[in-house]
Amino acid sequence: MKYIKKQREPKSLAKLRQTPGAKYQGPQEEWQHKLLEEQGYICAYCMARISLERDDKGKPDIGIEHYLSRKQRPDLDLDWNNMLGVCNGSFGIDSHCDKAQGRKNDQGEFIKGKQDGDAKLKVLNPRFKKLSEKVLKYSLSGEILPNTSNQQLKQQIKEDLDCILNLNDSKIRQARKNIIEHAKDRLKKKYPKGDWKIQHIDQEIIAWQSKTPDGKYKAYCQAAIWYLQDLKEKREKRITAKSSSPRKNPKI
């Protein structure tokens, strides 16, 4: 999950909201295009590539998700800050993001998924960095995990990930694993001797944090950024430990 900095709403949405009795009737292409620009063409939840390209059924590869559902907060159905661009989330047992059907938590309790309309994320919110990037980490196998030592918060984040959004679905997990491997391969290709300096890793982090000239983030980019930041931290610790270790007296 990557932090989304919300921008000014589309003019057509502002105009519609001023119309007495107006309600959300479905996505408009102008709104979808604006969300794609805001988010760098990646899903607000799983970070898969989204676009206005249409699938075999003629449906665009982007949906508009209300962070607080219209069922929960009908007064926010035309609020731009409550709208996110999401992937199509595949229906059925592997559904995820705003199409997630719900799962059982570690205690065996059923937690409703986003699809139900009643589910409300307990912690995660891509509109705030401290509630998205800062509280999440990844494993080399592509699993997305809570990044906190607070047990109560950890359980809440885990339910958001595994039950409400189903972001550890096997296909998404494999996609994140692949992107971490790609980030590793990029380093190996640029510096085949393995002598990766801090500045080399920093350059790669910046590359993964940046949009391409056509305004796109790399799909699943935050998993690669986590890998590189973790690698950098380990290198820094190794350098610090090496510099602080006592030197042996030279033999006379």
Side-chain angles (χ1 to χ4, degrees), residues 1-92 95-102 112-133 160 164-167 172 211-222:
M1 188 175 292
K2 186 169 181 59
Y3 163 63
I4 298 167
K5 184 178 181 180
K6 295 297 290 181
Q7 299 172 8
R8 184 176 296 178
E9 66 182 346
K11 291 180 180 179
S12 61
L13 176 60
K15 184 177 179 180
L16 178 62
R17 198 171 51 254
Q18 292 170 1
T19 305
K23 292 185 178 181
Y24 182 85
Q25 299 295 331
Q28 293 190 18
E29 188 168 315
E30 182 191 7
W31 306 354
Q32 292 171 320
H33 185 70
K34 181 69 173 178
L35 289 169
L36 289 171
E37 288 183 341
E38 276 188 352
Q39 298 173 200
Y41 292 74
I42 59 173
C43 174
Y45 294 129
C46 73
M47 300 183 293
R49 174 69 66 223
I50 54 177
S51 72
L52 286 172
E53 293 182 11
R54 298 183 178 273
D55 59 22
D56 296 339
K57 297 180 180 178
K59 185 177 180 181
D61 290 330
I62 176 179
I64 293 183
E65 147 81 347
H66 287 75
Y67 178 78
L68 294 175
S69 74
R70 287 179 287 150
K71 185 176 181 180
Q72 295 168 334
R73 292 293 304 271
D75 57 312
L76 296 179
D77 70 340
L78 294 176
D79 187 325
W80 183 246
N81 288 322
N82 194 41
M83 294 185 189
L84 301 170
V86 293
C87 65
N88 288 332
S90 71
F91 288 93
S95 61
H96 52 81
C97 298
D98 70 319
K99 306 298 190 299
Q101 301 292 314
K112 288 183 177 181
K114 260 287 189 176
Q115 172 74 5
D116 295 296
D118 290 324
K120 182 179 178 181
L121 289 165
K122 297 175 171 63
V123 178
L124 297 181
N125 189 335
R127 299 171 302 174
F128 299 93
K129 187 171 287 190
K130 66 180 181 180
L131 299 179
S132 54
E133 295 180 15
D160 280 354
I164 298 178
L165 293 172
N166 192 29
L167 290 187
I172 308 175
K211 292 180 179 179
T212 58
D214 56 354
K216 296 178 181 178
Y217 288 121
K218 297 177 180 67
Y220 310 105
C221 55
Q222 206 57 35

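These values consider heavy atoms only, across backbone and side chains, with no hydrogens, waters or symmetry-generated copies.
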Task: Worked verdict on Glu37 versus His33 for side-chain hydrogen bond (donor to acceptor under 3.5 Å, both in side chains) - done: CA-CA 6 Å; Glu37 288 183 341; His33 185 70; 3.2 Å; yes
Task: Tyr45 side chain near Leu124 side chain, heavy-atom distance below 4.5 Å - done: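 A side-chain contact under 4.5 Å is absent here.
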- [ ] Assess whether side-chain contact (heavy atoms from CB on, under 4.5 Å) is satisfied between Cys97 and Asn166, documenting all intermediate values.
- [x] CA-CA 7 Å; Cys97 298; Asn166 192 29; over 6 Å; no
TODO: Taking the side chain as every heavy atom from C-beta outward, state whether Leu13 and Gln28 have any atom pair closer than 4.5 Å.
DONE: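 They are not in contact (no side-chain heavy atoms under 4.5 Å apart), so the answer is no.
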Open item on the list: Between Asp77 and Arg70 (side chain of the first, backbone of the second, donor and acceptor by atom type, cut-off under 3.5 Å), is there such a pair?
Closed with: no
Open item on the list: Assess whether a salt bridge exists between Glu38 and Lys5, defined as any Lys/Arg side-chain N lying under 4.0 Å from an Asp/Glu carboxylate O.
Closed with: no
TODO: Would you mind telling me which of Leu165, Asn88, Val86, Ile172 makes a side chain to side chain contact (heavy atoms under 4.5 Å, CB included) with His96?
DONE: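 With His96 as partner, side chain to side chain contact (heavy atoms under 4.5 Å, CB included) holds for just one option, Ile172.
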Open item on the list: Donor-acceptor check, side chain of Glu65 to backbone of Met83, threshold 3.5 angstrom: yes or no?
Closed with: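 Not confirmed, Glu65 side chain does not pair with Met83 backbone.
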- [ ] Using atom types as modelled and distance alone, determine if a side-chain donor or acceptor of Gln101 lies under 3.5 Å from a backbone N or O of Lys99.
- [x]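 Here the side-chain-to-backbone pair exists.
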Task: Arg49 side chain vs Tyr217 backbone, donor-acceptor pair below 3.5 Å - done: yes
Task: Stacked cation flag Lys114 on Tyr67, 6.0 angstrom / 45 deg - done: yes
Open item on the list: Using the side chain to side chain contact (heavy atoms under 4.5 Å, CB included) definition, which of the options Lys130, Glu133, Arg127, Gln39 pairs with Tyr3?
Closed with: Glu133
TODO: Hey, could you give me the NZ/CG distance between Lys23 and Asp75, rounded to the nearest 0.5 Å?
DONE: 11.5 Å
Open item on the list: Looking at Asp160 and Leu121, would you say the former's side chain and the latter's main chain have a donor-acceptor pair under 3.5 Å?
Closed with: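 No; judged by distance alone, with no hydrogens or angles, the pair does not exist.
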Open item on the list: Please report the interatomic distance CD1(Ile164) to NZ(Lys122), rounded to the nearest 0.5 Å.
Closed with: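 If I round to the nearest 0.5 Å, the distance is 4.0 Å.
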Task: Donor-acceptor under 3.5 Å (Ser132 side chain, Met1 main chain) - done: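 Side chain of Ser132 to backbone of Met1: no pair is present.
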Open item on the list: With side chain to side chain contact (heavy atoms under 4.5 Å, CB included) as the test, pick out the partner of Ser12 among Arg17, Glu29, Glu30.
Closed with: Glu30
TODO: Could you check if a side-chain atom of Thr212 sits within less than 4.5 angstrom of a side-chain atom of Tyr41, using non-hydrogen atoms only?
DONE: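 In short, these two side chains do not touch, never coming nearer than 4.5 Å.
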TODO: Working to the nearest 0.5 Å, report the span between NZ of Lys6 and CG of Asp79.
DONE: 9.0 Å
Open item on the list: Measuring only between side-chain heavy atoms, which start at C-beta, is His66 closer than 4.5 Å to Leu76?
Closed with: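 Counting from C-beta outward, His66 and Leu76 never come under 4.5 Å.
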